[in-house]
Number of protein chains: 2
Amino acid sequence: MVTIKDVAREAKVSVATVSRALNGSSNVTPPTRVRIERTAARLRYVPLGAARSLVTRRTQAVGALLPDLYGEFFSELIRGIDLAARARGLHLLVSSTHGDADETAAALHALQGRVDGLLIMSPHVDGGFLRKHLAGSVPAVLMDAALHDRRCASVSIDNYGGARAMTGHLLACGHRKLAFIQGPEPNHDARERRRGFEETVAATRGTTSRLLQGDYSEESGHRAGRALLSGKDRPDAVFAANDMMAIGCLSAFNEAGVRVPEEIALAGFDDIPIARYMHPPLTTVRVQISELGHVALERLMIRMQAPDTPEPGVTTLACEVVVRASCGSGTEASGSVKTRQAPHTNN
Amino acid sequence: MVTIKDVAREAKVSVATVSRALNGSSNVTPPTRVRIERTAARLRYVPLGAARSLVTRRTQAVGALLPDLYGEFFSELIRGIDLAARARGLHLLVSSTHGDADETAAALHALQGRVDGLLIMSPHVDGGFLRKHLAGSVPAVLMDAALHDRRCASVSIDNYGGARAMTGHLLACGHRKLAFIQGPEPNHDARERRRGFEETVAATRGTTSRLLQGDYSEESGHRAGRALLSGKDRPDAVFAANDMMAIGCLSAFNEAGVRVPEEIALAGFDDIPIARYMHPPLTTVRVQISELGHVALERLMIRMQAPDTPEPGVTTLACEVVVRASCGSGTEASGSVKTRQAPHTNN
DNA sequence: GGGGCGAATGTAAACGTTTTCATAAAGAAA
DNA sequence: TTTCTTTATGAAAACGTTTACATTCGCCCC
């Protein structure tokens with residue numbers, strides 16, 4: 001392996017000068033600098049990250065702890081984080097946890113000491129969990145976290161507002177018998193979306209509603225769709241807690257020859273890129289998924305640079321109802337309604 | 001920050017013993033071990049990765065350099081890599097390059113010295129590029145690389161065979177006027193898929209074919225679909241070089257009220273999870289995308305453990321035609337044909 | 001009871017880099 | 001010239017960990 005010493009010897013300078021020349025900064029004579037740069041390039045010298053980190057106390061890396069890596073939601077999220085990290089010159093360490101709280105704690109532990117900051121999305125992680133397992137050793141930002149805990153930074157989507165807006169839209173379209181395919185129970189966002197749906201329905205006279213269990217996968221949406229068709233009291237609109245389930249549900253309807261939106265309306269949540277390419281194009285709640293990653297990373301940067309600044313609380317990203325054909329909206333061909341301005345930070 | 005010295009002092013042993021106790025291995029008396037473990041847990045000691053890496057010459061991390069992070073193909077690929085890496089106790093550093101060869105080289109450079117191995121997928125990277133910019137400092141495995149270069153390890157999909165098989169299937173369905181929506185020119189896999197299509201068509205009498213340019217995005221597929229409909233000589237089957245474009249194309253057909261497969265057949269490539277949930281479900285070439293990541297990581301592990309072993313050449317992963325409704329296959333409702341056994345390593 | 005041996009623990013030297021401090025050289029002010 | 005300041009460079013000390021080697025201790029065997 002070629003080290004800084006080799007470069008120093010070849011270029012006939014000390015290691016200190018090599019370090020200075022290569023890190024751009026302080027006083028090195030132009031001729032020495034180019035000589036060193038040439039030598040380094042010739043020897044193919046690459047500074048060892050570990051050694052550098054050890055002395056600078058910086059890894060130039062952030063970790064992203066995610067619950068799963070399945071589907072377009074996460075590819076969009078990772079994309080948003082990656083782009084923002086790249087712009088800041090940071091490396092991105094991704095880690096997924098499929099298991100329970102213990103496994104999540106283990107993953108969190110493994111990530112510490114390797115990164116300068118942590119982006120966390122996990123149903124098991126809230127402020128208390130973080131304080132217990134992180135102990136302030138690394139700044140962290142929660143994404144879509146369960147608890148709006150003032151003491152830890154977090155960036156969330158306005159799941160509740162989005163679900164309210166979408167439910168309101170379905171009602172406005174004239175649908176009265178609604179069904180909701182909910183996401184996995186432990187997920188905070190799944191609960192919020194359901195709450196938005198239920199409260200809106202409860203506040204409107206003359207409506208009936210029904211809940212089906214799902215787990216955010218297409219397959220569970222497909223199952224739910226079949227269950228709805230086989231039941232005796234078919235709803236006139238189905239609101240799925242995410243697009244993947246809506247897509248699975250749509251496919252079940254298509255298989256059964258039930259036309260959407262003529263016979264049954266359908267809406268999703270997330271606005272994953274594929275949603276608009278479905279047939280019919282899917283009415284959904286737009287969440288700027290990549291923006292969530294982007295904003296979370298920016299927040300993390302702030303905390304990394306000034307770790308002792310007062311905790312900045314929760315940032316909420318607005319959602320937006322995107323009306324496409326699948327909800328049977330007669331009045332407007334396509335349009336959108338925002339739940340509120342974004343991003344909005346609540347201290 | 002709490003270091004190994006703090007733990008040693010608290011537990012009244014030397015740092016060496018702490019290190020031994022925490023790393024599981026050699027002779028430590030059970031009572032001392034538990035005392036050290038307790039102390040470490042109490043102090044919330046986390047070993048600093050950088051220091052550990054510096055002395056062990058291992059980062060316990062692999063890097064994945066990917067061309068982009070958009071769409072389900074990459075989320076599946078990352079998922080496959082992540083799962084395999086997790087199983088091996090390795091961390092995963094992801095990095096994407098959107099730019100040209102220079103940017104790719106820079107990303108490659110930034111990744112060196114931070115990882116024990118590299119997984120690379122990039123249209124700009126071939127064996128020569130690798131030798132020039134990597135210089136054997138880190139073992140690397142190419143995924144779906146342009147050049148089947150014996151001197152560097154690579155895992156590829158049988159793009160050519162898959163395209164041949166699919167084209168053959170479309171012909172077997174009775175379609176004679178074919179169109180192919182090709183992927184971005186610089187991509188090796190895009191070229192291979194086109195080659196498979198063209199050669200199969202050329203070998204069959206009485207067929208006509210037409211090529212349209214795409215870039216693997218839904219949007220480009222949508223554009224291509226519209227172009228096909230507006231043209232005077234409408235094909236009876238369209239083969240898109242990936243599923244995303246097929247989905248965009250399908251959406252264009254749907255918008256125009258052109259029925260698939262009755263009026264025009266459609267096929268894709270990749271079998272992303274969503275493909276089967278389209279309407280009609282998409283006939284496509286199944287590529288075990290996550291398996292590609294998985295196999296690539298396993299290959300990398302081998303090279304990491306024995307760097308001086310002779311280069312093992314190219315591993316090819318078979319593709320499989322998955323027949324669903326979109327191709328208008330009258331005879332069989334659903335089925336599949338493999339191009340060959342997988343995985344198959346060619347030394 | 002002494003010699004040898006193995007197990008448990010301690011000591012200290014690496015690992016490659018940055019950075020502080022010291023030094024040398026070169027110019028500016030006198 | 002002399003002295004002071006500035007600038008470029010070098011020497012060496014950190015950074016936190018692992019690990020080769022040294023040491024101590026207790027035990028068994030003769």
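Only heavy atoms go into these numbers, but all of them, side chains included; no hydrogens, no water, no symmetry mates. Reminder, nothing fancy here: chain letters follow the sequence lines and each chain counts from 1.
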Kindly give the heavy-atom pair with the smallest separation between Leu66(A) and Met143(A), and that separation in Å.
CD2-CE, 3.9 Å
Does a nitrogen or oxygen in the side chain of Asn27(A) sit under 4.0 Å from OP1 or OP2 of dT9(D)?
no
Flag, side chain of Asn23(B) to backbone of Ser19(B), donor-acceptor distance under 3.5 Å:
yes
Closest-nucleotide mapping onto DNA chain C: is Thr17(B) or Arg57(B) further toward the 5' terminus? I mean the 5' end.
Thr17(B)
Side chain to side chain donor-acceptor pair (under 3.5 Å) with Arg44(A): which residues, sequence neighbours excluded?
none
Taking NZ, NE, NH1 and NH2 as the nitrogens, is one of them in Arg9(A) or Asp6(A) under 4.0 Å from a carboxylate oxygen of the other?
yes
Without decimals, in angstroms, what is the distance between Arg35(A) CZ and dA8(D) P?
14 Å
Ser19(B) side chain near dT18(D) phosphate (N/O to OP1/OP2, under 4.0 Å)
yes
If you find the nucleotide of DNA chain C closest to Val55(B) and the one closest to Val15(B), which residue's nucleotide is nearer the 5' end?
Val15(B)
Taking only side-chain N and O atoms of Thr56(B), does any of them lie within less than 4.0 angstrom of OP1 or OP2 on dT18(D)?
no
Its 5'-most and 3'-most nucleotides having an atom under 4.0 Å from a non-hydrogen atom of chain B, DNA chain C is contacted over dA8(C) to dG16(C)
Would you say Thr32(A) places a side-chain N or O within less than 4.0 Å of OP1 or OP2 belonging to dT9(D)?
yes
Nucleotide dT17(D), atom C1' - distance to CD1 of Ile4(B) in whole Å:
6 Å
In whole angstrom, give the distance that lies between atom CG of Leu54(B) and atom C1' of dT19(D).
13 Å
Enclosure of Arg38(B) CZ (heavy-atom neighbours >12, cutoff 6.0 Å):
no
Kindly give the heavy-atom pair with the smallest separation between Met301(A) and Arg88(A), and that separation in Å.
CE-NH1, 3.8 Å
Just how far, in rounded Å, is P of dT18(D) from CG of Leu48(B)?
10 Å
Which of these nucleotides, dT19(D), dG10(D), dA8(D), is closest to any side-chain atom of Arg20(B)?
dT19(D)
When Thr97(A), Leu142(A), Leu300(A) are each screened for side chain to side chain contact (heavy atoms under 4.5 Å, CB included) with Ile120(A), the one that passes is Leu142(A)
